[in-house]
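Just so it is clear: chains get the letters A, B, ... in the order the sequence lines come, proteins before strands, and each one is counted from 1. On a predicted model such as this, the values are computed, not experimentally measured, just so you know.
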2 protein chains.
Amino acid sequence: MTTDCLNCPLRQRPVFEPMKGNELDFMRKFKTGELEINAGTTLMLEGTNSPQLYTALKGMGLRYKTLKSGERQVINFVLPGDFIGLQAGVMQEMQHSVEATTDMKLCVFDRKNLWRLFRDCPERAYDLTWLAAVEEHLLGENLAILGHMNGLRRIASAFVRLHDRGAALGLAHNGRMPLPYKQQDLADALGLSLVHTNKTLRHLRKGGAVRWMNGQLEVLDYDLLCGIAGLDPGRRAILRPLI
Amino acid sequence: MTTDCLNCPLRQRPVFEPMKGNELDFMRKFKTGELEINAGTTLMLEGTNSPQLYTALKGMGLRYKTLKSGERQVINFVLPGDFIGLQAGVMQEMQHSVEATTDMKLCVFDRKNLWRLFRDCPERAYDLTWLAAVEEHLLGENLAILGHMNGLRRIASAFVRLHDRGAALGLAHNGRMPLPYKQQDLADALGLSLVHTNKTLRHLRKGGAVRWMNGQLEVLDYDLLCGIAGLDPGRRAILRPLI
DNA sequence: CGTTGAATTGACAAGTTTCAAGTCTTGTGG
DNA sequence: CCACAAGACTTGAAACTTGTCAATTCAACG
């Protein structure tokens, strides 16, 4: 038995824009089921299309592009609440792949109903566009990070932002949250070599700002970490819709 | 007298998805006028909202973020056909600024009519989301470029992609097109220092692949340039809608 | 145990930034 | 018409950051 959208535990989180009555009704029809996948599963493959769209409910994953050289650029980390497959939905095909890092549970939608969403539920269509705009904003921030920060600041920024996302989802407690990625994943996200990432992690650990071991992130000194990252510790998360 | 959407010269370009009859009708009502601005004008400012949305018709501009340190990350180059202000439209405020590099002519829409677009013209709403997805794709590519390429390849990639965009818009002839930016703009887009950008440009010039002087880009050897950039010379532009 | 994948470390090479200075172009006012 | 100022572009040298190569350690697993 799948969870009814009515009781969706994610929706209650204050990061997500509340749904109006008819939106919720629509989503209950739009949702076609749930999917559980194992760690390591490729959910979407760059260059292909997918008959399904998803919202992550549990677990974590990665969006990435594979370059001609065989290298990998991690575009973003996938956490609960993230919508997956918008590109496949509106464009011809995915421009990046999505892979499950841990076991995941996903909410499943049919791509062929996407047009009905635009036609019958403009509120949800608006939210979908909003979500795309938020995504664009986040990528813009990533770009600025890669373009203007050295390794230390990049990693500090990544940790602050992951921690904030985790906190907004209720995954973080006292600065600790699960972060089940490999150093290579982080390196590929930040455009750093594995070796340099490793050495910088040690540096941060010795500095007492943050530790990341055995898939656990521990933010020991949030203000210090924000200081290294050049981020304002008081800034607010952007409100976004949940699809 | 402003141009009627019926005769919009941009719309004819094959890069843009053709509009269906009712879409065109809707756009004629949605458009509230045209705006001409001088080079140097800031069209949208990060952190503010704008009552208007635009589509660039003529001229070129820049989207950029200003970092706390005062540095600038150029997110993208604005060319004719680009939609400006989606973030302001759906989110609370712009997350980046937009500035005119040359004199520009823009098609103007009222932000307050955006909701009507979603309600009354789902086709256009769909296209707007599509556009956001394309934007996300482009940013993802930029990210991969910053993350994995050295200065030479970054600049080569930027030139190939600008050239292709220009060619699709009919701005390029025999590999030549206007590119009225400063070296500093390119450096800020690619996350390179001005000095290194300059030296790398000389390197490319000497190699005979491409020249960029006096606001003119001359692609002398497209295949060579693609080779440096690590791009496939035969790849196709992504079809996208025009708003 | 041996194997595998991940994390760690040191040494060196390469790429990039920073600093500092000089040139070229353009527009302006005397 | 010339002198000057401002902005963009160019260049060289030194310092620094980061990548690459090569080994080693560590933990999990059959």
- Remember a base hit wins even if backbone is also touched, and classify B:Gly191 as base, sugar-phosphate or nothing at under 4.0 Å, heavy atoms. sugar-phosphate
- Between C:dT17 atom P and A:Leu152 atom CG, what is the distance in whole Å? 17 Å
- Relative to the ring of B:Tyr222, is the ring of B:His163 parallel (under 30°), tilted (30 to 60°) or perpendicular (over 60°)? tilted
- Task: Select one nucleotide: of C:dT8, D:dC21, D:dT18, the one nearest the side-chain heavy atoms of A:Val195.
- Result: D:dC21
- Item | Aromatic centroids of B:Tyr54 and B:Phe83 separated by under 6.0 Å | no
- Between atom CD in A:Glu71 and atom C1' in D:dG19, what is the gap in whole Å? 11 Å
- Query: Of the nucleotides C:dT8, D:dA8, C:dT16, which one has an atom closest to the side chain of B:Lys182?
  - Reply: D:dA8
- NE2 of A:His196 versus P of D:dA22: gap in Å, rounded? 21 Å
- Task: Would you mind classifying the nucleic acid contact of A:Leu201 as base, sugar-phosphate or nothing, using non-hydrogen atoms under 4.0 angstrom?
- Result: nothing
- Over how many whole Å does the gap from A:Arg154 atom CZ to D:dT18 atom P extend? 7 Å
- Give the rounded distance in Å between these two atoms: CG of A:Leu194 and P of C:dG5. 15 Å
- Can you figure out which of C:dT18, D:dG19, D:dT17 approaches the side chain of A:Ser193 most closely? D:dG19
- Query: Does OP1 or OP2 of C:dT8 have a side-chain N or O of A:Asn198 closer than 4.0 Å?
  - Reply: yes
- Task: Determine: side-chain N/O of B:Arg202 to OP1/OP2 of D:dT11, distance under 4.0 Å, yes or no.
- Result: yes
- Item | Residues B:Glu141 and B:Arg161 bridged, charged N to O under 4.0 Å | yes
- Query: Are a donor atom and an acceptor atom from the side chains of A:Glu99 and A:Tyr64 found within less than 3.5 Å of each other?
  - Reply: yes
- Message: From CD1 of B:Ile155 over to P of D:dC9, roughly how many Å is that when rounded to an integer?
- Response: 13 Å
- Task: Find the distance B:Arg153:CZ to D:dG19:P and express it as a whole number of Å.
- Result: 14 Å
- Would you mind reading off the distance between B:Lys199 atom NZ and D:dC9 atom C1', rounded to a whole angstrom? 13 Å
- Quick one: is A:Gln183 getting a side-chain N or O under 4.0 Å of the C:dT8 phosphate, OP1 or OP2? yes
- Query: Side-chain donor-acceptor pair under 3.5 Å between A:Gln52 and A:Ser50, yes or no?
  - Reply: no
